[in-house]
Amino acid sequence: MDSRTMLQLSHMSKTYCSDAGSSVAALDGLDLTVGAGEFVVLIGPTGCGKTTLLNIVAGLDSPDAGEVRRANGLLPGRNMPCVFQHYTLFPWRTLLRNVTFGLEMRGTPRADRLAIAANLLAKVGLTGFEQAYPHELSGGMRQRAAIAQALATEPKLLLMDEPFGAVDDATRRDLQQALVDLWQEGGMTVLFVTHNIDEAVVLGSRVSILSARPGRIVREFRIDLPRPRRRTDGAFADQHLRIREALICETGKPDAA
Ligand SMILES: Nc1ncnc2c1ncn2[C@@H]1O[C@H](COP(=O)(O)OP(=O)(O)OP(=O)(O)O)[C@@H](O)[C@H]1O
Ligand SMILES: [Mg+2]
């Protein structure tokens, strides 16, 4: 694996077996390489193994076959946090103390923790809500806070599993922009799962299509559109159409839902 590679999955397979003896093949011979600094979007039909893949990358599950190679210094539970569709904030902590949690665990001095959290909360548009509790916020605000929480410990690889799937369209667009801005500051690689082609084209530097279950990568598109990306541009519509056609061809469905 060369020094520009952040993550390399080779011939990865995973089958779930129930106590009753039935089995479900979730992934079958999946290959995926993610370069340092890339923003890779995974898109594929429901049940094709996307969450399984992220869980394996995050070290929460293990493959039955194949290999997961991570860049030197990329450590599960340390610098590769996962943001999920449903917010994972601690309900008993204020926003500020949610964002500082990982830093507390690391023993970062209090003054540094507060400065880092204030900076991140400002970047995700939550200045003024430091002392609020998660239940006092909208779903979109909670997801902003979850992003700030994930970024507090300077992840090398940010894993995101449909993080904006539960918010309205306008909020989703705001969150997409906030995430792209943070990614463009540099130093971070993103592996992002979505069902939404529009989101994939807005965000990705590469879009990888998974087949229906058992999943493996069947097509990849490099997205070279300039940023900020405008949905009204002809090139955006062309890219959207190409991905949609590939999804229909590979999965039989016009979208990944
Ligand atoms: N713990 C488990 N035990 C048994 N089967 C499982 C388990 N987790 C996932 N599966 C099965 O494995 C397949 C892949 O699941 P996974 O959650 O990875 O899909 P997904 O692509 O994330 O789907 P979605 O788009 O709906 O989130 C599905 O058929 C699912 O039912
Ligand atoms: Mg999933």
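Order of listing sets the numbers, starting from 1, for every ligand and every atom in it. Predicted model, so just to flag it, every value in this text is computed and none were measured.
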> Using a heavy-atom cut-off of under 4.0 Å, does the side chain or the backbone of Val24 touch ligand 1, or both, or neither?
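Side chain only; the backbone of Val24 stays clear of ligand 1.
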
> Between the candidates Gly47, Cys17, Gly44, which shows the shortest non-hydrogen contact distance to atom 13 (C) of ligand 1?
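Among Gly47, Cys17, Gly44, the closest heavy atom to atom 13 (C) of ligand 1 comes from Gly47.
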
> Parallel, tilted or perpendicular: which fits the ring planes of Phe39 and Phe192, with parallel below 30° and perpendicular above 60°?
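If you compare the ring of Phe39 with that of Phe192, the planes turn out tilted.
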
> Side chain or backbone, does Cys48 bring an N or O within less than 3.5 Å of an N or O on ligand 1?
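So ligand 1 has an N or O lying under 3.5 Å from an N or O of Cys48.
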
> As an exercise, identify every atom of ligand 1 less than 4.0 angstrom from a heavy atom of Ala26.
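Under 4.0 Å from Ala26, ligand 1 has these atoms: 12 (O), 13 (C), 14 (C).
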
> Decide, yes or no, whether a salt bridge links Lys123 with Asp181 under the criterion of side-chain N to carboxylate O below 4.0 Å.
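So Lys123 does not pair with Asp181 through a salt bridge.
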
> Below the 2.8 Å mark, what number of protein N, O or S atoms do you get around the Mg ion (ligand 2)?
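That number is 1, waters not included.
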
> I need the atoms of ligand 1 closer than 4.0 Å to a non-hydrogen atom of Thr52, numbered in the order shown.
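Those atoms are 14 (C), 15 (O), 16 (P), 18 (O).
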
> Would you mind running through ligand 1 and noting each atom that sits below 4.0 Å from a heavy atom of Glu162?
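Answer for ligand 1: 25 (O), 27 (O).
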
> I'd like to know if Glu104 and Arg93 make a salt bridge, using a cut-off of under 4.0 Å between side-chain N and carboxylate O.
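Yes, charged N to carboxylate O under 4.0 Å.
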
> Is there a donor-acceptor pair closer than 3.5 Å between any side-chain N or O of Arg70 and the backbone N or O of Val57?
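Judged by distance alone, yes, a pair lies under 3.5 Å.
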
> Under 4.0 Å, counting heavy atoms only: does His195 come that close to any atom of ligand 1?
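Contact check His195 vs ligand 1: positive.
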
> Would you say Gly49 has any N or O atom under 3.5 Å from an N or O of ligand 1, going by distance alone?
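Yes, Gly49 has an N/O under 3.5 Å of an N/O on ligand 1.
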
> With a 4.0 Å cut-off on N to O distance, would you call Lys50 and Glu162 a salt bridge?
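Between Glu162 and Lys50 there is no salt bridge, as every charged N stays at least 4.0 Å from the carboxylate O atoms.
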
> Would you say the side-chain atoms of Thr189 and Glu38 include a donor-acceptor pair closer than 3.5 Å?
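Looking only at side-chain atoms, Glu38 and Thr189 do not form any donor-acceptor pair under 3.5 Å.
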
> Where is the tightest heavy-atom contact between Thr153 and Arg78, given as atom of each residue plus distance?
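In this case the closest contact between Thr153 and Arg78 is OG1-O, 4.3 Å.
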
> Would you say Leu179 and Leu158 make side-chain contact, with heavy atoms under 4.5 Å?
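Of all side-chain heavy-atom pairs linking Leu158 with Leu179, at least one is under 4.5 Å.
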
> Nearest 0.5 Å, please: how far is CD1 in Ile147 from CG in Leu175?
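These two atoms lie 5.5 Å from each other.
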
> Using the six-membered ring wherever Trp is involved, compare the ring planes of Phe90 and Trp92 and label them parallel, tilted or perpendicular (cut-offs 30° and 60°).
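The rings of Phe90 and Trp92 sit tilted, inter-plane angle from 30° to 60°.
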
